[in-house]
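First up is the structure itself, then whatever we jot down about it.
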Amino acid sequence: MSATLHEVPTATLQDIPRVFRAIADEIEAGQHGKVHMAAIVIESDDGTVRTFGAGGADYYRGMALFHLGIENLLAKRGREFMA
């Protein structure tokens, strides 16, 4: 299993629904191959954190996806969204 994070135009990074729609459009267009699993973490303004798994993302595979994402961010291979 390998992970690659892709750039989304920086002008849209604060517009979370727009970013998610752009990623969904890329997935539907086949730009990332056949996507069979996804995991998302969101935090709302009241501090509530929710996690979502899609496709084949059961509990353990979801954890693996999050760990791969963390490794990509720590290695600076991911999006620079914390600015």
Applying a strict under-4.5 Å side-chain criterion to I, L, V, M, F, W and Y, I'd like to know whether Tyr59 and Val41 cluster together. no

For Ile27, check side-chain contact (heavy atoms from CB on, under 4.5 Å) against everything at least two apart and list the hits. Ile23, His32, Val35

Show the nearest heavy-atom pair for residues Ala39 and Gly62, with the distance to one decimal. CB-O, 4.4 Å

Atom CD1 in Ile16, atom CD in Glu43: separation rounded to 0.5 Å? 9.5 Å

Output all residues satisfying side-chain contact (heavy atoms from CB on, under 4.5 Å) with Tyr60, sequence neighbours left out; order by chain, then residue number. Asp58, Met63

side-chain hydrogen bond (donor to acceptor under 3.5 Å, both in side chains) partners of Asp46, counting only residues at least two apart: Ser44, Thr48

